Engineer: 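Questions regarding the structure given below will be posed in turn.
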Number of protein chains: 2
Amino acid sequence: MPDFLNDKKRYYTPVEYVFDKVGGLYKMPILWRLKDKSLRFSELKRSINRASDRMLSKTLKELVADGFVSKEIIPEVPVKTIYTITEKGKRSIAIISTLREYGFELMKEDGIEH
Amino acid sequence: MPDFLNDKKRYYTPVEYVFDKVGGLYKMPILWRLKDKSLRFSELKRSINRASDRMLSKTLKELVADGFVSKEIIPEVPVKTIYTITEKGKRSIAIISTLREYGFELMKEDGIEH
DNA sequence: CGGGATCCGTTGTGATACTG
DNA sequence: CAGTATCACAACGGATCCCG
């Protein structure tokens, strides 16, 4: 008895839906970096250098498909791509910011330095 | 180059830390149900019936170990266990509430009925 | 009643090599 | 430069059975 379906996937809570759309290791880091400026693939790669090319590419593709990010291709040689946050993406920033604050709070509570 | 370490795990962002502590399919649903009343294992099980016994047990154990929930065992026959949210657990409720609201907003934006 | 033990499938992520 | 293809692996979650 699912709460609701979308794109053939089952979700039981709205939080589950959020995690599916902007969860995982790289989606929020990407959105966070795009929040006030557009970036190229290689710039994102340098900024989030722990992500492999494959994961960065895959994650960006999902963000574009879900409407959080738009992609512009400039057909020079070599090719340039520019990723820009959308209005929908901007509406996710508040949540990321809140999660970051809670994360710092939790880390302090747990005695973690950073 | 990790941002920080804890319990031999690597975290690169505070959000990652949050996801590790209260992420996954069942932690937030459990905390949400315990926010204003204590519940027994079987009550949680009935309420979150999509979770298997194993996952419910495993998840509760982690929440107890991380200090979000406390556990009381009443040694009758048969045994009773009572799970109660802690102060630390209560501080997570605001985040869950915010995520729920954003989830509903996102679902509406995506044209999902519920 | 409240789990633990075991086994297994799926998914997320990583490493490397390659290409238009 | 911006990816894709391929292979591999560990973590997460599910199913079933068992037990104090």
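Here the structure is a predicted model, which means the values were calculated and not measured.
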Engineer: Please determine, by modelled atom types, if Y11(B) and D20(B) share a side-chain donor-acceptor pair under 3.5 angstrom.
Structural biologist: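 Their side chains do contain a donor-acceptor pair, which is all the 3.5 Å distance test asks for.
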Engineer: Quick one: how far along DNA chain C does chain B reach, first to last nucleotide 5' to 3', anything under 4.0 Å to a heavy atom?
Structural biologist: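 Boundary nucleotides touching chain B, in 5' to 3' order, are dC1(C) to dT6(C).
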Engineer: Using side-chain heavy atoms (C-beta onward) and a distance below 4.5 Å, is I112(B) in contact with L106(B)?
Structural biologist: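 Of all side-chain heavy-atom pairs linking L106(B) with I112(B), none is under 4.5 Å.
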Engineer: Could you name each residue pair satisfying ring-ring contact (aromatic ring centres under 6.0 Å, His included) that touches residues 22-78 of chain A, not counting sequence neighbours?
Structural biologist: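 Passing the test, one end in residues 22-78 of chain A: no pairs.
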Engineer: Please list, in numerical order, the residues of residues 52-72 of chain B that have a heavy atom closer than 4.0 Å to any atom of DNA chain D.
Structural biologist: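 Contacting residues: R54(B), M55(B).
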Engineer: Do L60(A) and L44(A) make a side-chain contact, defined as non-hydrogen atoms from C-beta onward lying under 4.5 Å apart?
Structural biologist: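 When only atoms from C-beta onward are counted, L44(A) and L60(A) do touch, with a gap below 4.5 Å.
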Engineer: Could you identify which residues cluster with V77(B), counting Ile, Leu, Val, Met, Phe, Trp and Tyr as linked when any side-chain heavy atoms lie under 4.5 Å apart, either directly or through a chain of such contacts?
Structural biologist: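 When side chains under 4.5 Å apart are linked, V77(B) ends up in no cluster with other residues.
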Engineer: Test side chain to side chain contact (heavy atoms under 4.5 Å, CB included) on L39(A) and I82(A) and set out the steps.
Structural biologist: CA-CA 6 Å; L39(A) 291 172; I82(A) 299 179; over 6 Å; no
Engineer: Determine yes or no for a side-chain-to-main-chain donor-acceptor pair under 3.5 angstrom, with T59(A) supplying the side chain and M55(A) the backbone.
Structural biologist: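 Between the backbone of M55(A) and the side chain of T59(A) there is a qualifying donor-acceptor contact (under 3.5 Å).
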Engineer: Considering only Ile, Leu, Val, Met, Phe, Trp and Tyr, and joining two whenever side-chain heavy atoms are under 4.5 Å apart, list the other residues clustered with V79(A).
Structural biologist: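 Reading the cluster by chain and number, V79(A) sits alongside I73(A).
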Engineer: Any side-chain heavy-atom pair from I30(B) and L56(B) closer than 4.5 angstrom?
Structural biologist: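 Contact flag for I30(B)/L56(B) side chains = yes.
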Engineer: Could you say whether Y83(A) or A51(B) is positioned toward the 5' end of DNA chain D, judged by the nucleotide with the nearest heavy atom to each?
Structural biologist: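 Mapping each residue to its closest nucleotide by heavy atoms, the 5'-most match is Y83(A).
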Engineer: Hey, are E43(B) and R46(B) close enough for a salt bridge, meaning a charged N less than 4.0 Å from a carboxylate O?
Structural biologist: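 Here E43(B) does not pair with R46(B) in a salt bridge, since their nearest N and O are not under 4.0 Å apart.
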Engineer: Is the ring centre of F4(B) less than 6.0 Å from the ring centre of Y12(B)?
Structural biologist: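 Ring centroids of F4(B) and Y12(B) are no less than 6.0 Å from each other.
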Engineer: In degrees, rounded to 10°, what is the bend between the two ends of the helix from dC1(C)-dG20(D) to dG20(C)-dC1(D), using five pairs at each?
Structural biologist: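 Helix axis angle between the two ends: 50°.
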Engineer: For DNA chain C, which residues in residues 32-46 of chain B have a heavy atom at a distance below 4.0 Å?
Structural biologist: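 The answer is R40(B), F41(B), S42(B).
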Engineer: What I'd like to find out is whether the side chain of T86(A) reaches to under 4.5 Å of the side chain of T84(A), using heavy atoms alone.
Structural biologist: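 T86(A) vs T84(A): side chains apart.
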Engineer: If a pair satisfies salt bridge (Lys or Arg N to Asp or Glu O under 4.0 Å) and one of its residues is in residues 21-36 of chain B, list it, with sequence neighbours excluded.
Structural biologist: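 Matches after skipping sequence neighbours: K21(B)-D66(B), K27(B)-E62(B).
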Engineer: Taking ring-ring contact (aromatic ring centres under 6.0 Å, His included) as the cut-off, I'd like each qualifying pair that reaches into residues 72-105 of chain A, sequence neighbours left out, listed once.
Structural biologist: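 Applying ring-ring contact (aromatic ring centres under 6.0 Å, His included) to every pair that reaches into residues 72-105 of chain A, excluding sequence neighbours, yields F104(A)-H114(A).
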Engineer: Using side-chain heavy atoms (C-beta onward) and a distance below 4.5 Å, is I85(B) in contact with L31(B)?
Structural biologist: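 Yes; the side chains approach each other to less than 4.5 Å.
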Engineer: Going by heavy atoms closer than 4.0 Å, what residues in residues 21-31 of chain A are next to DNA chain D?
Structural biologist: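 Nothing qualifies; none.
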Engineer: Side chains of K45(A) and S57(A): does their closest heavy-atom pair fall under 4.5 Å?
Structural biologist: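 No, their side chains stay 4.5 Å or more apart.
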Engineer: Hey, could you give me each pair passing salt bridge (Lys or Arg N to Asp or Glu O under 4.0 Å) that has a residue in residues 95-111 of chain A? Not counting sequence neighbours.
Structural biologist: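 Passing the test, one end in residues 95-111 of chain A: E109(A)-R91(B), D110(A)-K88(B).
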Engineer: Hey, where on DNA chain D does chain B first and last touch, going 5' to 3'? Cut-off is any atom under 4.0 Å from a heavy atom.
Structural biologist: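 Using the under 4.0 Å cut-off, the span is dG13(D) to dA15(D).
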